[in-house]
Peer 1: 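Can you keep this structure in mind? I'll have questions shortly.
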Amino acid sequence: QVQLAESGGGLVQAGDSLRLSCTFSGRTFSNYVISWFRQAPGKERELVAAIGWSATSTYYSDSVKGRFTGSRDNAKNTVYLRLNSLKTEDTAVYYCAAKFRGSSEYNYWGQGTQVTVSS
């Protein structure tokens, strides 16, 4: 089965940067779309970035566009999310999730990593 594991969260100051990592295992990496979601207390889960095979194929939500950058390292079966110019409103638990390329649902989720941005 697919296994996902996030890392890289922490407590930072507004304006700082973080890099989140998500390792993928259990299936063929190239057959899955890996995306980043986040959820803040009392809010709905939000799609942050869907990581494509190139920068031009990666989707970002309007709230993070221009500040966050997603990427893949196919040799390591890992996806990354670089969070720059962090704002307090970016505080959330960040999850990576995977879906089979022929599926419309994200069926596999990591445990989440907490990002807290203080002012």
Side-chain angles (χ1 to χ4, degrees):
Q1 71 277 16
V2 170
Q3 300 281 351
L4 300 168
E6 306 97 330
S7 62
L11 173 62
V12 298
Q13 296 286 323
D16 284 353
S17 298
L18 285 171
R19 189 181 73 163
L20 308 183
S21 300
C22 174
T23 58
F24 174 101
S25 63
R27 293 291 188 270
T28 302
F29 187 51
S30 61
N31 286 339
Y32 289 83
V33 176
I34 314 297
S35 296
W36 288 96
F37 295 80
R38 67 184 182 186
Q39 187 165 22
K43 295 186 177 181
E44 295 291 325
R45 185 180 63 203
E46 174 190 14
L47 174 64
V48 175
I51 312 303
W53 293 101
S54 67
T56 57
S57 65
T58 299
Y59 163 86
Y60 300 97
S61 68
D62 289 341
S63 62
V64 308
K65 193 175 299 180
R67 299 188 297 120
F68 293 6
T69 304
S71 61
R72 286 177 176 257
D73 186 335
N74 293 327
K76 295 183 177 180
N77 285 3
T78 301
V79 297
Y80 303 96
L81 187 68
R82 179 71 179 183
L83 290 66
N84 290 329
S85 302
L86 282 162
K87 305 174 180 179
T88 56
E89 51 262 47
D90 294 319
T91 296
V93 178
Y94 285 71
Y95 300 90
C96 63
K99 70 178 184 73
F100 190 70
R101 292 192 179 275
S103 175
S104 62
E105 297 183 353
Y106 287 89
N107 298 122
Y108 309 99
W109 295 81
Q111 82 286 352
T113 186
Q114 177 72 47
V115 173
T116 302
V117 184
S118 63
S119 61

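Treat the numbers as computed from the prediction; the structure is a model and nothing was measured. Numbering of residues begins at 1 and proceeds along the displayed sequence.
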Peer 1: Run the side-chain hydrogen bond (donor to acceptor under 3.5 Å, both in side chains) test against Lys65 and tell me which residues pass, sequence neighbours left out.
Peer 2: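 Applying side-chain hydrogen bond (donor to acceptor under 3.5 Å, both in side chains) to Lys65 gives Asp62.
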Peer 1: If you compare all heavy atoms of Gly9 against all heavy atoms of Val115, which two are closest, and at what distance to 0.1 Å?
Peer 2: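 Answer, listing the atom of Gly9 first, then Val115: CA-CG2, 4.1 Å.
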Peer 1: Ser63: which residues meet the side-chain hydrogen bond (donor to acceptor under 3.5 Å, both in side chains) condition with it, sequence neighbours left out?
Peer 2: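 Scan of Ser63 (side-chain hydrogen bond (donor to acceptor under 3.5 Å, both in side chains), adjacent residues dropped) gives Arg38, Glu46, Ser61.
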Peer 1: Is there any ring-ring contact (aromatic ring centres under 6.0 Å, His included) pair reaching into residues 77-98, and which pairs are they, with sequence neighbours excluded?
Peer 2: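 For residues 77-98: none.
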Peer 1: Using 0.5 Å steps for rounding, measure from the OH atom of Tyr59 to the OG atom of Ser35.
Peer 2: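 Answer rounded to 0.5 Å: 10.0 Å.
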Peer 1: Not counting sequence neighbours, which residues clear ring pair (Phe, Tyr, Trp, His ring centres under 6.0 Å) with Tyr32? List them please.
Peer 2: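 Tyr32 satisfies ring pair (Phe, Tyr, Trp, His ring centres under 6.0 Å) with Phe24, Phe100 once adjacent residues are dropped.
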Peer 1: Quick one: does Thr113's side chain have a donor or acceptor within less than 3.5 Å of a partner on Ser7's backbone?
Peer 2: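 Side chain of Thr113 to backbone of Ser7: no pair is present.
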Peer 1: Determine, using the 4.5 Å side-chain heavy-atom cutoff (strictly less than), whether Leu83 and Leu11 are members of one ILVMFWY cluster.
Peer 2: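 Each belongs to a different hydrophobic cluster.
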Peer 1: Would you give the length of the straight line joining atom CG of Leu86 to atom CG of Asp16, rounded to the nearest 0.5 angstrom?
Peer 2: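 CG of Asp16 is found 7.0 Å from CG of Leu86.
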Peer 1: Using the side chain to side chain contact (heavy atoms under 4.5 Å, CB included) criterion, which residues pair with Arg82? Sequence neighbours excluded.
Peer 2: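 In terms of side chain to side chain contact (heavy atoms under 4.5 Å, CB included), with neighbours along the sequence ignored, Arg82 is linked to Ser17, Arg19, Thr69, Asn84.
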Peer 1: Say you draw a straight line from CZ of Arg101 to OG1 of Thr28; how long is it, rounded to the nearest 0.5 Å?
Peer 2: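 Rounded to the nearest 0.5 Å, the CZ-OG1 separation comes to 11.5 Å.
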Peer 1: Taking Gly26's backbone N and O only, do any of them form a donor-acceptor pair with Gln3's side chain (distance below 3.5 Å, no angle check)?
Peer 2: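 Pair absent, no side-chain N/O of Gln3 close to backbone of Gly26.
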Peer 1: Under the rule for side-chain hydrogen bond (donor to acceptor under 3.5 Å, both in side chains), what residues qualify as partners of Arg67, not counting sequence neighbours?
Peer 2: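 Scan of Arg67 (side-chain hydrogen bond (donor to acceptor under 3.5 Å, both in side chains), adjacent residues dropped) gives Asp90.
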Peer 1: Look at atom CD of Gln1 and say whether more than 12 heavy atoms of other residues, nucleotides or ligands are closer to it than 6.0 Å.
Peer 2: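 Counting neighbours around CD of Gln1, 12 or fewer heavy atoms of other residues, nucleotides or ligands fall under 6.0 Å, so no.
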Peer 1: Between the side chain of Gln111 and the main-chain N/O of Ala5, is any donor-acceptor distance below 3.5 Å?
Peer 2: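 Answer holds: no.
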Peer 1: When rounded to the nearest 0.5 angstrom, what is the spacing between CD in Gln13 and OG in Ser119?
Peer 2: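 With rounding to 0.5 Å, CD (Gln13) is 7.5 Å from OG (Ser119).
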Peer 1: So, for Ala50 and Tyr106, which heavy atoms are closest and what is the spacing to 0.1 Å?
Peer 2: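 In terms of heavy atoms, the two residues are closest at CB-OH, 4.4 Å.
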Peer 1: Looking at Ser21 and Thr78, what are the two nearest heavy atoms and their distance?
Peer 2: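 Closest pair (atom of Ser21, atom of Thr78, distance): CB-CG2, 4.4 Å.
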Peer 1: Quick one: pull up OG1 in Thr116 and CG in Leu18 and give me the separation to the nearest 0.5 Å.
Peer 2: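 If we round to the nearest 0.5 Å, Thr116:OG1 and Leu18:CG are 9.5 Å apart.
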